[in-house]
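One structure is given below, encoded as structure tokens.
Every chain is numbered from 1, with letters handed out A, B, ... down the list of sequences. Computed over heavy atoms, backbone and side chain alike; hydrogens, waters and symmetry mates excluded.
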2 protein chains.
Amino acid sequence: MTYNKITEDILNQIIDIVGTENVLTGQTELEKYSHDETEDLEYYPEVVAKPATPQEVAALLVLCNEHQIPVTPRGAGTGLAGGALAIMGGLMLAMERFNKVLEVDERNLQATVEPGVITEVFMNQVAEMGLLYPIDPSSKGSCFLGGNVAHGSGGPRVVKYGTIREYILNLEVVLASGEIIWTGANTLKYASGYNLTQLFIGSEGTLGIVTKIVVKLIPAPTRDVLMLAAFPDLETAASAVSAIFRAGIVPSALEFMERKGIEWVKEKDGVYFDLKDDAAAFLMIEIDGTDTDVIFGEAEKVNVVLEQFGCNDVLFAESTTQKDELWHMRRTMAVSVKANSIYKEEDCVVPRAALPVLIKGIKDAGAKYGFESVCYGHAGDGNVHINILKGGMSDDDWNNKLKDGIRDIFELTTQLGGTISGEHGIGLVQKEFMPIKYSAVHFQLWKGIKQVFDPKGILNPGKIF
Amino acid sequence: MTYNKITEDILNQIIDIVGTENVLTGQTELEKYSHDETEDLEYYPEVVAKPATPQEVAALLVLCNEHQIPVTPRGAGTGLAGGALAIMGGLMLAMERFNKVLEVDERNLQATVEPGVITEVFMNQVAEMGLLYPIDPSSKGSCFLGGNVAHGSGGPRVVKYGTIREYILNLEVVLASGEIIWTGANTLKYASGYNLTQLFIGSEGTLGIVTKIVVKLIPAPTRDVLMLAAFPDLETAASAVSAIFRAGIVPSALEFMERKGIEWVKEKDGVYFDLKDDAAAFLMIEIDGTDTDVIFGEAEKVNVVLEQFGCNDVLFAESTTQKDELWHMRRTMAVSVKANSIYKEEDCVVPRAALPVLIKGIKDAGAKYGFESVCYGHAGDGNVHINILKGGMSDDDWNNKLKDGIRDIFELTTQLGGTISGEHGIGLVQKEFMPIKYSAVHFQLWKGIKQVFDPKGILNPGKIF
């Protein structure tokens with residue numbers, strides 16, 4: 001696919017569509033849009049436009065489709081796979097002006113929101129009504145709902161509440177042709193033709209531009225208990241995970257953290273509790289519900305399992321403040337790790353009982369290829385975020401040899417029934433690894449679907465495959 | 001699309017693939033395969049083949065693809081939209097020999113099953129391990145899991161546990177080309193390219209043939225309470241539905257039934273309780289959990305809401321026997337209605353608070369076009385099964401005028417944010433109504449997707465669109 005540059009004439013048409021004040025072209029203004037939260041990548045779009053209505057998006061797409069100009073949609077730029085980078089230049093569609101919660105329908109427990117609403121802002125707004133939208137990635141304070149849809153994002157509460165796929169009922173999207181459609185219906189069930197809503201979730205901006213999102217809400221739990229369990233080694237901690245479910249408990253969060261991750265948060269942000277010498281790995285377990293006795297009873301059952309699996313210390317968070325501190329520790333771990341080393345982050349997911357094997361494999365790969373890693377993530381979902389640290393690796397090893405190590409990890413992930421990304425997406429940086437798991441047939445189907453929605457290939461080109 | 005007939009030579013090749021004993025060609029043998037549970041339709045396939053392995057399915061598809069022969073996959077034949085009817089003749093793939101639960105993985109709370117396993121057989125098998133697979137359509141005693149996947153089936157417990165989309169993790173499918181792929185990974189999260197698993201769910205056998213299903217399981221609840229609430233009229237009952245959720249309760253089932261439906265079950269199967277004179281509509285509400293006090297506390301809260309909304313009688317089921325009887329009543333309602341009248345069944349779904357308006361609209365349409373109806377269904381999901389009764393309608397009105405009434409109902413459904421089918425699918429009988437909700441753009445996208453997976457159009461032709 002070859003693309004054209006944005007000419008003076010086309011730029012003027014872009015300005016006509018969204019207004020001068022919503023078009024950026026200067027190098028300084030564009031800097032913010034040249035990177036996301038993925039390690040060390042920089043690609044400048046030629047022009048950033050900030051539309052505010054589906055009609056403006058449609059007009060921009062018609063223009064770019066006509067002139068074969070690449071269009072990269074961008075939410076908050078918190079992605080970890082380079083999905084929002086304008087690697088072919090062209091037009092960046094910055095969705096930040098789509099920032100309104102259009103309706104919270106308390107009778108139907110649904111909301112209609114624009115894709116540029118910050119996830120946490122929306123969660124807080126519905127929480128004030130006693131409602132829960134449970135899909136809260138660690139970046140919830142800055143990421144956009146539209147980005148969450150594009151990546152099929154997760155977060156710690158998927159383990160109990162299900163994935164984002166269960167909470168997105170309907171999408172208004174603008175197709176590459178400029179046509180505006182709703183993908184489905186505002187209903188909890190749907191058996192009316194191929195499910196376009198589900199196809200758009202996780203499609204990383206390659207099939208169309210989401211301009212409205214209808215979200216399902218549920219009554220919020222009113223009580224929770226939070227435990228932090230310490231283990232002498234990583235594999236023991238990982239082994240306890242599936243046993244908790246087998247004991248009949250579905251926690252509302254079940255997070256895994258390596259000691260080094262906690263140490264680095266401690267360094268960066270101050271310490272919240274004593275780290276005992278024999279604690280190498282931790283599980284953070286939250287149980288929520290509506291009845292204090294019940295959740296404490298469940299916590300006690302979890303405690304029994306933890307002891308059986310070699311846990312040597314359990315902290316019960318006693319106050320809201322302590323809970324907030326623990327969650328802060330978990331949620332800022334990525335930022336703290338990044339502050340300490342050049343790194344690369346992977347997002348493997350496997351069936352949860354395979355976690356100990358995966359974690360051992362990650363460490364073995366590190367020993368073989370000479371890298372260190374800090375692992376943490378959503379253990380209840382079998383989803384591990386692997387932060388590979390450059391540490392003492394030479395630039396040459398880091399740039400070349402490391403890929404073999406990552407390849408080893410993805411091959412193991414695949415053998416264990418897992419896949420390359422659980423919630424970060426494929427974007428730019430993971431696409432080279434996709435053939436480890438997926439065959440030529442998969443690529444052919446994916447490319448065929450892409451062709452149906454975007455025949456000229458203008459939408460987020462060079463991503464996923 | 002024009003199709004070819006199965007010649008003697010092709011028949012011999014079919015026999016070579018699956019064995020003589022697994023090929024049916026005689027009119028008498030084919031009769032069973034000429035209809036499903038949809039009202040009054042009959043289409044004979046030319047040949048029925050019963051493969052037992054993905055490789056046999058692949059060989060059959062290669063053969064039919066080469067000779068442009070239509071292939072209609074069939075599960076248990078319990079469908080209500082004509083999806084499993086061989087309307088173009090050709091080969092029927094009867095999946096009944098794919099009847100094994102291949103693995104229940106208790107450590108990962110996953111199972112791998114073949115598509116010809118009866119839903120209830122599978123549910124019972126995992127229940128013995130303390131596990132729940134919650135997707136149980138009314139036909140659970142006879143329908144196949146593969147059919148449930150094909151239709152995106154639901155059932156009463158979707159309201160609490162989510163749709164089948166949340167429980168199907170991965171599918172082995174045979175494409176029209178004969179290629180066998182896994183659509184995704186055996187993981188609870190997935191952000192690795194377009195989600196083919198979700199695309200196959202609800203695709204009604206038009207994109208490929210499912211040969212293995214990886215299913216998510218959860219710990220089973222251990223306690224439940226079941227209530228039957230009577231209301232003086234339909235709209236009052238429907239109004240109470242959304243208020244229950246707004247009170248912070250998520251029932252494990254919230255079913256709606258019209259009096260006439262209960263009367264007909266009573267006639268057919270014997271009566272289970274007194275029907276008071278002033279009871280016109282009923283809500284059946286199940287609350288499940290692990291703690292008796294909690295679920296009774298929630299039942300009490302529901303009771304308060306019911307009273308506020310004009311409920312005039314509540315029955316609490318006192319024993320397992322009584323619970324089973326009530327569920328039997330609800331689950332056999334379709335059969336009892338069918339025993340009483342020529343009928344047509346619709347499966348509208350709307351946002352749940354719109355139920356009263358929908359129900360009023362259904363009755364208004366009946367008054368206008370001269371039909372009676374019995375409504376029941378999954379009110380918690382906003383999903384109503386409308387059984388339209390021929391009663392005193394003339395054959396001419398039934399065959400011609402009725403469609404206008406159905407059209408009115410679907411137009412109202414669409415205005416209310418709903419869609420044509422919540423869980424029965426579109427199949428053959430609903431496709432003419434699809435343009436009420438969906439535009440030419442939707443059809444173009446659907447057909448484009450179909451073209452990618454099945455370029456020669458051999459798989460279940462003439463369905464959905």
Top residue by heavy-atom pair count (under 4.5 Å) with chain B, among [options]?
| options | answer |
| --- | --- |
| Thr206(A), Ile218(A), Ile249(A), Val250(A) | Thr206(A) |
| Gly422(A), Ser242(A), Ala81(A), Gly417(A) | Gly422(A) |
| Gly162(A), Gly202(A), Ala247(A), Gly427(A) | Gly162(A) |
| His151(A), Lys437(A), Lys431(A) | Lys437(A) |
| Lys216(A), His378(A), Gln198(A) | Gln198(A) |
| Asp293(A), Val159(A), Leu207(A), Ile164(A) | Leu207(A) |

Given a strict heavy-atom distance threshold of 4.5 Å, which part of [X] is in contact with chain A: side chain, backbone, both, or neither?
| X | value |
| --- | --- |
| Leu445(B) | both |
| Glu298(B) | side chain |
| Asn383(B) | side chain |
| Thr290(B) | side chain |
| Gln110(B) | side chain |
| Leu131(B) | side chain |
| Asp291(B) | side chain |

Worksheet item: Are Asp288(A) and Lys160(A) close enough that some pair of their side-chain heavy atoms sits under 4.5 Å apart?
Response: yes
Please flag which part of [X] lies under 4.5 Å from any non-hydrogen atom of chain B: side chain, backbone, both or neither.
| X | result |
| --- | --- |
| Met129(A) | both |
| Ala354(A) | backbone |
| Gln430(A) | neither |
| Ile449(A) | both |
| Phe465(A) | side chain |
| Ile464(A) | side chain |
| Val350(A) | backbone |
| Thr222(A) | neither |

Residues of residues 168-179 of chain A within contact distance of chain B, non-hydrogen under 4.5 Å:
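Listed by number: Leu175(A), Glu179(A).
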ask   = When the aromatic ring centroids of Phe453(B) and Tyr194(A) are compared, is their separation below 6.0 Å?
value =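 Between Tyr194(A) and Phe453(B), which both carry aromatic rings, the centre distance is not below 6.0 Å.
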- Message: Run Ile426(B) and Lys463(B) through side-chain contact (heavy atoms from CB on, under 4.5 Å) and show every step you take.
- Response: CA-CA 7 Å; Ile426(B) 299 306; Lys463(B) 306 297 167 57; over 6 Å; no
inquiry  = Checking side chain to side chain contact (heavy atoms under 4.5 Å, CB included) between Val149(B) and each of Thr197(B), Val215(B), Ile135(B), Ile201(B), which is the one that passes?
reply    =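 That would be Ile201(B); it is the only one of Thr197(B), Val215(B), Ile135(B), Ile201(B) passing the side chain to side chain contact (heavy atoms under 4.5 Å, CB included) with Val149(B).
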- Query: What heavy-atom pair brings Val302(A) and Ile287(A) nearest, and what distance separates the two atoms?
  - Reply: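 Of all heavy-atom pairs spanning Val302(A) and Ile287(A), the closest is CG2-CD1, 3.9 Å.
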Run the salt bridge (Lys or Arg N to Asp or Glu O under 4.0 Å) test on Glu166(A) and Arg165(B) for me, step by step, so that the C-alpha distance in whole Å, both residues' side-chain angles and the decisive distance to 0.1 Å come before the verdict. CA-CA 8 Å; Glu166(A) 197 60 25; Arg165(B) 296 187 175 277; over 6 Å; no
Would a distance-only check, ignoring hydrogens and angles, find a side-chain to backbone donor-acceptor pair under 3.5 Å from Lys450(B) to Leu459(B)?
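Yes, the answer is positive, given that a donor and an acceptor are paired below the 3.5 Å cut-off.
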